[in-house]
Undergrad: 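Before I ask anything, let me first share the structure, which is written out below as structure tokens.
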Amino acid sequence: MKDFQHARPLFERALVVDEKAFPKGNPYLANDKGNLGRLLLELGNYPAALAHLEGVLAINEKGRGPQDGVVALDLQVVSDLYAKLGRQAEALQAGQRSLSIQEKVMGTDHVEVSVALETLSSRYFETAQYQKSLDVLGRALAIVEKALGPTHVEVAEVLQGMADSQVQLGSLSEAGRNYDRALSIQEAVFGPTHVKVGESLLKLAKLNWRTGKWEAALDHS
């Protein structure tokens, strides 16, 4: 029900109870810490969320082993939190490690690998490594198109990320084509008045303004 303030003390009580009932490192504690960490993330309390979610990662690494798929998912969440807190080097390292584990566990063309690739691309983009971000997303695009089909909404998300990097690299024509394709997919999936469609229209408006296509920029706006 998104009532985070009332949910928080219940999660906190659950963690206290289980910390008394189970030994340190028990999987139940990972579940409790994960619940509380994700709630704190929703509340925007990133340092506290990170403390709990790093605890989840440590428990799962010890219990499942450092090369487990669940550990890879934990690393993606931790990577995003490091990025939010400005700890870019740690964010990038966590993203790279998550991808490495997923590739070993799932194979290089599994759809879960595409999620790890998207996480890593965000880390490259945030550190102005735009070509690396684009290269990683190129791999992700091939995976999601094959696994989910060329008109799946996840394809649109990857295309937008690629276009964002292409704008930074000055490849504006390629960026425009990817924004257009992403918009077409989103309109078909969500309808013309969805917020995702609005976000895509804004990206196209800015790109058209930058390239001197004034009427198109106005239309998209």
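Bear in mind the structure is a predicted one, so any value in this text is a computation, not a measurement.
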Undergrad: When hydrophobic residues are tied together by side-chain contacts of less than 4.5 Å, even through go-betweens, does Leu141 share a cluster with Leu117?
TA: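 Per the 4.5 Å side-chain linkage, Leu141 and Leu117 are not co-clustered.
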Undergrad: Rounded to the nearest 0.5 Å, what's the gap from CG on Leu137 to OG on Ser133? Could you check?
TA: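 Reported value, rounded in 0.5 Å steps: 4.5 Å.
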Undergrad: Could you walk me through whether His152 and Val144 satisfy the side chain to side chain contact (heavy atoms under 4.5 Å, CB included) test, starting with their C-alpha distance in whole Å, then the side-chain angles of each, then the deciding distance to 0.1 Å, before giving a yes or no?
TA: CA-CA 8 Å; His152 194 277; Val144 294; over 6 Å; no
Undergrad: Is there a path of hydrophobic side-chain contacts, each under 4.5 Å between heavy atoms of I, L, V, M, F, W or Y residues, that connects Leu85 with Val77?
TA: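 Linked within one cluster.
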Undergrad: With sequence neighbours excluded, give me every ring pair (Phe, Tyr, Trp, His ring centres under 6.0 Å) pair touching residues 58-77.
TA: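 Listed once each, the pairs would be none.
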Undergrad: Supply the atom-to-atom distance His220 NE2 to Leu183 CG, rounded to the nearest 0.5 angstrom.
TA: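 Nearest 0.5 Å value for the NE2-CG distance: 7.5 Å.
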Undergrad: Test side chain to side chain contact (heavy atoms under 4.5 Å, CB included) on Val113 and Arg139; report intermediate values, then the result.
TA: CA-CA 9 Å; Val113 172; Arg139 281 189 59 197; 4.3 Å; yes
Undergrad: Val105 and Glu112: side chain to side chain contact (heavy atoms under 4.5 Å, CB included), yes or no, with the steps?
TA: CA-CA 10 Å; Val105 172; Glu112 289 290 343; over 6 Å; no
Undergrad: Please report the closest heavy-atom contact between Ile101 and Gln67, naming both atoms and the distance.
TA: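 Heavy-atom minimum between the residues: CG2-O, 3.4 Å.
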Undergrad: Could you tell me if Asn178 and Gln166 have a donor-acceptor pair between their side chains, going purely by distance under 3.5 Å?
TA: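 There is such a pair (donor and acceptor under 3.5 Å, judged by atom type) between the side chains of Gln166 and Asn178.
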Undergrad: Only distances under 3.5 Å count here; give the side-chain donor-acceptor pairs of residues 184-196 to other protein atoms, sequence neighbours excluded, each with its distance to 0.1 Å.
TA:
from: Gln186; atom 1: OE1; to: Ser200; atom 2: OG; distance (Å): 2.4
from: His194; atom 1: ND1; to: Lys196; atom 2: N; distance (Å): 3.0
from: Lys196; atom 1: NZ; to: Glu157; atom 2: OE2; distance (Å): 3.2

Undergrad: Applying ring-ring contact (aromatic ring centres under 6.0 Å, His included), can you list everything that pairs with Tyr46, at least two apart in sequence or on another chain?
TA: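 Residues passing ring-ring contact (aromatic ring centres under 6.0 Å, His included) with Tyr46: none at all.
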Undergrad: Same hydrophobic cluster for Leu81 and Val70, using side-chain heavy-atom links shorter than 4.5 Å among ILVMFWY?
TA: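 No, Leu81 and Val70 fall in different hydrophobic clusters.
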Undergrad: Please evaluate residues Gln102 and His110 with respect to the criterion side chain to side chain contact (heavy atoms under 4.5 Å, CB included), reporting the C-alpha separation (whole Å), side-chain torsions for both, the decisive distance (0.1 Å), and the verdict.
TA: CA-CA 9 Å; Gln102 291 283 45; His110 193 278; over 6 Å; no
Undergrad: Could you pull out every donor-acceptor pair under 3.5 Å between side chains of residues 6-15 and any protein atom, sequence neighbours left out?
TA:
from: His6; atom 1: ND1; to: Asp3; atom 2: OD1; distance (Å): 3.0
from: His6; atom 1: ND1; to: Asp3; atom 2: OD2; distance (Å): 3.1
from: Arg8; atom 1: NE; to: Glu12; atom 2: OE2; distance (Å): 2.9

Undergrad: Is it true that Asp80 and Arg123 make a salt bridge, defined as a side-chain N closer than 4.0 Å to a carboxylate O?
TA: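 Looking at Arg123 together with Asp80, the answer is yes, because their closest N to O distance falls below 4.0 Å.
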Undergrad: Can you list the residues that meet the side chain to side chain donor-acceptor pair (under 3.5 Å) rule with Glu42, with sequence neighbours excluded?
TA: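 Listed in chain order: nothing, the list is empty.
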Undergrad: Supply the atom-to-atom distance Lys104 NZ to Thr108 OG1, rounded to the nearest 0.5 angstrom.
TA: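 Taking NZ in Lys104 and OG1 in Thr108, the distance rounds to 13.5 Å.
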Undergrad: Sorted by first residue and then second, give each side chain to side chain donor-acceptor pair (under 3.5 Å) pair with at least one member in residues 113-122; sequence neighbours left out.
TA: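 Passing the test, one end in residues 113-122: no pairs.
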Undergrad: Please check if Val158 and Val153 belong to a single hydrophobic cluster, counting links between Ile, Leu, Val, Met, Phe, Trp and Tyr side chain heavy atoms closer than 4.5 Å.
TA: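 Both belong to a single hydrophobic cluster.
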Undergrad: What's the spacing between Leu204 CG and Trp209 CH2 if we round to 0.5 Å?
TA: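 Here the interatomic distance stands at 15.5 Å.
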Undergrad: Mind listing the closest non-hydrogen atom pair of Leu57 and Val71 along with its distance?
TA: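 In terms of heavy atoms, the two residues are closest at CD1-CG1, 3.8 Å.
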Undergrad: Is a donor from one side chain sitting under 3.5 angstrom from an acceptor on the other, for Asp135 and Gln131?
TA: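 Checked: Asp135/Gln131 side chains pair up, N/O donor to acceptor below 3.5 Å.
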Undergrad: Less than 4.5 Å apart, any side-chain heavy atom of Val155 and any of Gln160?
TA: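 They are not in side-chain contact.
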Undergrad: So which heavy atom on Ser79 is nearest to which on Ala91, and how close?
TA: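 That would be OG-O, 2.8 Å.
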Undergrad: Not counting sequence neighbours, which residues clear side chain to side chain donor-acceptor pair (under 3.5 Å) with Lys132? List them please.
TA: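 Side chain to side chain donor-acceptor pair (under 3.5 Å) check on Lys132 returns Gln129.
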Undergrad: Which residues pass the side-chain contact (heavy atoms from CB on, under 4.5 Å) test with Lys213, not counting sequence neighbours?
TA: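 Lys213 satisfies side-chain contact (heavy atoms from CB on, under 4.5 Å) with Asn208, Thr211, Ala216 once adjacent residues are dropped.
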Undergrad: Might you point out which heavy atoms bring Pro150 and Arg181 nearest each other, and give the distance in Å?
TA: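 In terms of heavy atoms, the two residues are closest at O-NH2, 3.2 Å.
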Undergrad: Hey, what do you get for CG (Leu75) to CG (Leu53), rounding to the nearest 0.5 Å?
TA: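 Going from the CG atom of Leu75 to the CG atom of Leu53 covers 11.5 Å.
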Undergrad: State, with a plain yes or no, whether a side-chain heavy atom of Asp18 is found less than 4.5 Å away from one of Asn26.
TA: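 No, side chains not in contact.
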Undergrad: Return yes when atom CD of Glu103 has more than 12 non-hydrogen atoms of other residues, nucleotides or ligands closer than 6.0 Å, and no otherwise.
TA: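 Yes, enclosed.
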Undergrad: Can you name the nearest heavy-atom pair linking Val115 to Gln76, along with the distance?
TA: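 For Val115 versus Gln76, the nearest heavy atoms are CG1-OE1, 3.3 Å.
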Undergrad: Apply side chain to side chain donor-acceptor pair (under 3.5 Å) to Gln88 and list each qualifying residue two or more places apart in sequence or on a separate chain.
TA: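 Checked Gln88 against side chain to side chain donor-acceptor pair (under 3.5 Å); zero matches.
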Undergrad: Can you tell me how far apart CG (Asp164) and CG (Leu159) are? Round to the nearest 0.5 Å.
TA: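 Answer for the CG-CG pair, Asp164 versus Leu159, is 11.0 Å.
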Undergrad: Could you note down all residue pairs passing side chain to side chain donor-acceptor pair (under 3.5 Å) where residues 49-62 supplies at least one of them, sequence neighbours left out?
TA: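 Of all non-adjacent pairs touching residues 49-62, those that pass side chain to side chain donor-acceptor pair (under 3.5 Å) are Glu54-Tyr82, Asn60-Asp74, Glu61-Arg97.
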Undergrad: Can you confirm whether Leu50 sits close enough to Arg87 that some side-chain heavy atom of one is under 4.5 Å from a side-chain heavy atom of the other?
TA: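 Yes, their side chains come closer than 4.5 Å.
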Undergrad: Could you tell me which non-hydrogen atom of Ala147 sits nearest to which non-hydrogen atom of Val111, and how far apart they are?
TA: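 So the minimum-distance heavy-atom pair works out to CB-CB, 4.2 Å.
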Undergrad: Closer than 3.5 angstrom, by distance alone: can the side chain of Ser98 be matched with the main-chain N or O of Ala94 as a donor-acceptor pair?
TA: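 The answer is no, because no donor-acceptor pair under 3.5 Å joins these two groups.
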Undergrad: Taking ring pair (Phe, Tyr, Trp, His ring centres under 6.0 Å) as the cut-off, I'd like each qualifying pair that reaches into residues 111-136, sequence neighbours left out, listed once.
TA: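 Checked against ring pair (Phe, Tyr, Trp, His ring centres under 6.0 Å) - neighbours excluded - the pairs reaching residues 111-136 are Phe125-Tyr130.
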Undergrad: Below 3.5 Å, can you tabulate the donor-acceptor pairs from side chains in residues 27-41 to any protein atom, sequence neighbours excluded?
TA:
from: Asn35; atom 1: OD1; to: Arg38; atom 2: NH2; distance (Å): 3.2
from: Asn35; atom 1: ND2; to: Asn31; atom 2: O; distance (Å): 3.4

Undergrad: Using the rule that Ile, Leu, Val, Met, Phe, Trp and Tyr join whenever any side-chain heavy atoms are under 4.5 Å apart, tell me whether Ile143 and Val136 fall into a single cluster.
TA: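 Ile143 clusters together with Val136.
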